[in-house]
Amino acid sequence: MDKQFESSNFIHEEIDRDLVKYPGLKIHTRFPPEPSGFFHIGHVKAISLNFATAEKYGGLCNLRMDDTNPILEKKEYVDAIQRDIKWLGFTWHERVFYASEYFDQCFEYALKLIDEGNAFVCDLNADELREYRGTLTEPGKNSPYRERTPEENRRLFLGMKDGLYEDGTRTLRARIDMKSGNINMRDPVIYRIMHKEHSHTGNKWVIYPMYDYAHPIQDAIEGITHSLCDVGFEDHRPLYEWVLEKTGYGEFPKQREFARLNITHTITSKRKLRDIVEAGKVAGWDDPRIPTIAGLRRRGYTPSSLLAFIDKVGVAKTYSVVDMALLEFCIRDELNKSACRVMAVLDPVKVVITNYDAGMTEELLAENNPEDPEAGSRIVPFSRELYIERDDFMIDPPRKFFRLSPGNEVRLKNAYFITCTDFNIDDSGSVTEIRCTYDPLSKGGNSPDGRKVKGTLHWVSAKHALDAEIRLYDRLTQYATPSEYPENSNATDLVNPDSLLIINDAKLEPSLLSAKAGDRFQFMRNGYFCCDPDTKGDKIVFNRIVPLRDTWAKISDNGVKND
RNA sequence: UGGGAUGUAGCCAAGUCGGUAAGGCAACGGACUUUGACUCCGUCAUUCGUAGGUUCGAGUCCUGCCAUCCCAGCCA
């Protein structure tokens with residue numbers, strides 16, 4: 001973690017100034033998720049910013065379950081949240097806070113607001129409240145209950161607390177300014193009546209504080225110095241500061257806002273993701289196509305690659321959509337250094353080495369990772385019948401194709417030079433078998449006479465091959481950004497129908513027999529793959545994390561085939 | 001005639017007191033290569049939303065304009 005998030009940003013710069021002004025100030029942040037859903041990549045940015053900022057300044061970050069609304073929060077999410085943060089590598093030192101633990105103080109402060117004429121009990125119902133609030137361009141009107149005396153307000157508020165009134169019949173409102181251009185300041189509701197059991201406080205309360213009122217108080221009580229949230233709360237800052245002022249707090253905590261994370265070709269809206277999952281368009285909250293932390297984890301992304309990504313994106317206030325290519329770069333960059341290379345043929349076609357002994361098997365040495373000598377080497381069996389990638393053979397190749405074709409010689413990685421002498425096709429014209437001869441002197445992949453070949457292919461010995469299911473994932477949505485979404489589309493329409501392609505008959509080299517769920521490899525010339533938890537007994541399943549960069553695909557797509 | 005925020009390359013994003021546009025991704029050339037991968041080298045903003053102004057000098061200061069995003073939950 002120490003290397004992560006070294007880069008500075010406008011928030012760190014402000015903290016640096018705060019530190020000059022208040023030497024010895026203990027920087028204290030907080031991460032306040034509402035336990036009402038699963039985390040996605042957007043949360044990683046908030047988690048990273050809050051925890052890494054505290055770490056950078058030698059302070060602490062409080063994990064705080066923001067449970068002020070009992071109808072939304074569920075206990076099961078509390079565990080998922082902790083698991084995800086831990087997986088990312090951050091620690092809250094076993095200090096888990098709950099917003100609900102401050103309900104007593106929130107209540108006391110509400111009494112103080114009432115006594116000082118800064119809050120009143122309002123009998124308007126929801127519809128009336130909306131009417132009185134005004135619109136974006138017209139000011140609101142004062143509630144007819146706005147001038148109640150502190151004594152009456154206190155009596156009524158105590159009555160609310162004691163459960164004397166029905167849900168929705170009364171609220172406690174801050175007494176600020178109905179004419180404010182900022183709608184959040186038009187006497188916002190700070191307490192509502194909800195006869196609902198709370199997952200943490202049980203039946204102790206029937207009134208619950210609103211986020212805007214409770215949050216600054218929680219921050220203040222915990223000694224938070226910097227309360228970082230997304231720009232959606234920028235308009236709420238005056239209210240945050242109003243609450244702190246009226247309850248008697250000073251310059252800290254201070255709320256600062258940063259832009260939320262958006263990525264091309266995927267969806268980071270909590271609501272849209274839920275729609276997609278509930279409609280069964282993906283297999284669940286951990287489907288490797290969706291950018292939930294659980295999904296990314298199952299896809300094969302590492303915590304460090306996610307954090308590296310967040311760091312490269314930076315922190316600013318501008319609305320932005322980051323190119324998915326950057327996320328892919330981060331995982332490739334990491335796995336290039338750490339993943340062992342293995343050979344796997346995804347779309348197999350048989351090759352017969354006609355001058356190779358039918359009963360013979362050779363054990364060839366293969367380097368595990370050219371980027372890491374420490375990774376050592378392994379044995380790969382070679383025999384007369386092999387599989388290669390269907391794409392690696394063409395009957396009538398274009399000029400720049402330097403893989404296998406009739407009469408052409410290529411190298412089999414770690415094995416021999418082979419030359420195609422013949423091939424068979426079926427009625428539909430597709431190749432059923434390729435026949436080659438090999439050069440026995442080229443064992444290991446070099447010819448003693450020094451002749452060169454332009455192509456090197458990966459391969460798997462047919463009789464030693466492992467059968468496997470491979471899941472090829474592609475972008476969740478074909479639309480790069482929300483601005484490209486079709487008019488009136490719902491979330492389920494956005495899912496790319498080709499986002500998952502399942503291959504049932506892939507052939508793997510036998511060393512992969514020992515692969516366990518979560519293990520990551522580079523399937524040479526194909527991409528990075530992660531062993532899926534569905535792998536059980538003799539069923540082997542791999543997920544493609546990301547393909548390798550493919551320059552040839554670009555060249556051939558540009559029409560070289562017609563040369 | 002509401003309020004708030006933001007505009008620097010295809011995408012992110014640095015740009016301190018005004019001193020002559022960092023870095024990353026992508027893209028494009030080339031070298032290397034037993035992965036068409038990796039690595040390496042090179043190219044990629046006469047211009048900072050726009051129009052004026054101040055100044056020897058403006059992305060940075062001033063004024064006007066334009067564009068985009070957010071806000072009318074008893075959600076967070």
Side-chain angles (χ1 to χ4, degrees), chain A residues 7-9 13 32-34 36 66 68-69 71-73 99 122 124-126 129-130 133-140 167-173 179-186 188-194 207-208 210-212 214-215 229-238 257 259 264 270 309 311-330 332-333 336-337 341 343 366-367 370-371 400-403 411-415 417 444-446 453-458 480-481 522-527 547-556:
Chain A
S7 34
S8 192
N9 56 59
E13 281 166 15
E34 181 186 37
S36 64
D66 206 348
T68 53
N69 185 342
I71 70 168
L72 293 175
E73 294 118 19
C122 183
L124 257 23
N125 66 31
L129 197 62
R130 191 178 317 114
R133 185 156 37 227
T135 68
L136 292 179
T137 52
E138 303 158 37
D167 287 10
T169 55
R170 287 189 224 269
T171 56
L172 183 70
R173 294 224 263 160
K179 292 186 289 300
S180 173
N182 182 348
I183 290 182
N184 296 299
M185 299 299 270
R186 317 238 265 229
V189 171
I190 59 177
Y191 261 99
R192 72 287 217 190
I193 302 170
M194 295 173 112
I207 56 170
Y208 292 95
M210 298 285 288
Y211 167 89
D212 281 326
H215 207 80
C229 61
D230 82 75
V231 290
F233 290 95
E234 209 154 16
D235 301 341
H236 298 243
R237 191 150 116 194
E257 312 82 10
T264 62
K270 192 168 166 178
F309 169 70
D311 190 43
K312 283 181 188 299
V313 166
V315 180
K317 296 183 73 165
T318 323
Y319 172 85
S320 64
V321 185
V322 179
D323 196 332
M324 177 62 92
L326 182 60
L327 214 208
E328 296 181 338
F329 166 81
C330 290
R332 282 195 193 106
D333 193 43
N336 174 51
K337 297 172 198 122
R341 274 61 171 169
M343 295 194 284
E367 189 179 21
E371 304 288 324
K400 286 181 183 164
F401 184 87
F402 46 82
R403 278 116 94 143
R411 170 170 42 232
L412 294 178
K413 176 82 182 174
N414 294 126
F417 283 10
N446 278 309
V453 289
K454 282 169 98 177
T456 299
L457 312 184
H458 60 282
T481 70
Q522 185 197 92
F523 286 2
M524 264 199 268
R525 301 208 306 134
N526 267 315
L548 252 30
R549 275 190 64 212
D550 189 352
T551 308
W552 168 246
K554 277 180 207 162
I555 296 169
S556 56

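Below, each value reflects all heavy atoms present in this structure, side chains not excepted, and no hydrogens, waters or symmetry copies. Naming convention: chains lettered A, B, ... in sequence-line order (proteins, then strands); numbering from 1 in each chain.
- Distances shorter than 4.0 Å separate some side-chain N or O of Arg192(A) from OP1 or OP2 on rA76(B).
- The side chain of Phe401(A) sits closest to rG36(B) out of rA72(B), rG36(B), rC71(B).
- Here the separation of rA14(B) from rG73(B), taken at their C1' atoms, is 39 Å to the nearest Å.
- Positionally, the nearest nucleotide of RNA chain B for Gly181(A) lies more toward the 5' end than for the other of Thr318(A) and Gly181(A).
- Using atom C1' as the reference point in both rU50(B) and rG23(B), the two lie 28 Å apart (nearest Å).
- Out of rU35(B), rC74(B), rA76(B), the shortest distance to the side chain of Arg133(A) is found at rC74(B).
- Using P as the reference atom, rC44(B) and rG10(B) are 14 Å apart when rounded to the nearest Å.
- Using atom C1' as the reference point in both rA13(B) and rG24(B), the two lie 8 Å apart (nearest Å).
- Proximity note for Asn125(A) (side chain, C-beta onward) versus rU6(B), rC74(B), rG3(B): the nearest is rC74(B).
- Comparing rG36(B), rG10(B), rA72(B) by their closest approach to the side chain of Asp550(A) singles out rG36(B).
- Nucleotide rG57(B) forms a pair with no other nucleotide shown, judged by Watson-Crick or G-U wobble geometry with both contacts under 3.5 Å.
- Side-chain atoms of Glu371(A) stay outside donor-acceptor range of the base of rU39(B), with no qualifying N/O pair under 3.5 Å.
- Comparing atom distances between the Lys554(A) side chain and each of rC75(B), rA76(B), rC28(B) picks out rC28(B) as nearest.
- Distance check on atom P: rU63(B) versus rC69(B) gives 26 Å, rounded to whole Å.
- OP1 or OP2 of rA37(B) has not a single side-chain nitrogen or oxygen of Arg332(A) nearer than 4.0 Å.
- Of the candidate nucleotides rC12(B), rG3(B), rG4(B), rG4(B) has the atom lying nearest to any side-chain atom of Glu234(A).
- Taking atom CG of residue Asp333(A) and atom P of nucleotide rU39(B), one finds them 7 Å apart after rounding to whole Å.
- In this entry the base of rG18(B) is anti relative to its sugar, with a glycosidic angle more than 90° from 0.
- The phosphate of rA76(B) has OP1 or OP2 within less than 4.0 Å of a side-chain N or O from Thr68(A).
- Of the candidates rG73(B), rA13(B), rA26(B), rA13(B) carries the atom nearest the Ala316(A) side chain, counting heavy atoms from C-beta on.
- Annotation: rA37(B) and rC28(B) have their P atoms spaced 12 Å apart (nearest Å).
- The separation of rG42(B) from rG57(B), taken at their P atoms, amounts to 36 Å, rounded to a whole angstrom.
- OP1 or OP2 of rA37(B) lies within a sub-4.0 Å distance of a side-chain N or O belonging to Thr551(A).
- Picking from rA72(B), rU35(B), rG10(B) the nucleotide with the shortest atom distance to the side chain of Arg130(A) gives rA72(B).
- Partner assigned to rG42(B) is rC28(B), using Watson-Crick or G-U wobble distances below 3.5 angstrom.
- The side chain of Ala325(A) sits closest to rC25(B) out of rC25(B), rG36(B), rC74(B).
- When both distances must be under 3.5 Å, the Watson-Crick or G-U wobble mate of rG7(B) is rC66(B).
- Map Ser320(A) and Leu124(A) each onto its nearest nucleotide of RNA chain B; the residue landing nearer the 5' end is Ser320(A).
- Residue Lys312(A) places its side chain closer to rG24(B) than to any other of rA76(B), rG24(B), rG36(B).
- rC74(B) is unpaired under the criterion used here, namely a Watson-Crick or G-U wobble arrangement in which both key atom distances are under 3.5 Å.
- A close approach under 4.0 Å does occur between a side-chain nitrogen or oxygen of Asn69(A) and OP1 or OP2 of rC75(B).
- Residue-to-nucleotide contacts include a donor-acceptor pair under 3.5 Å from the side chain of Arg403(A) to the base of rG36(B).
- A sub-4.0 Å separation between OP1 or OP2 of rC74(B) and a side-chain N or O of Arg170(A) is absent.
- The base of rG3(B) sits with one of its N or O atoms less than 3.5 Å from a complementary donor or acceptor on the side chain of Asp235(A).
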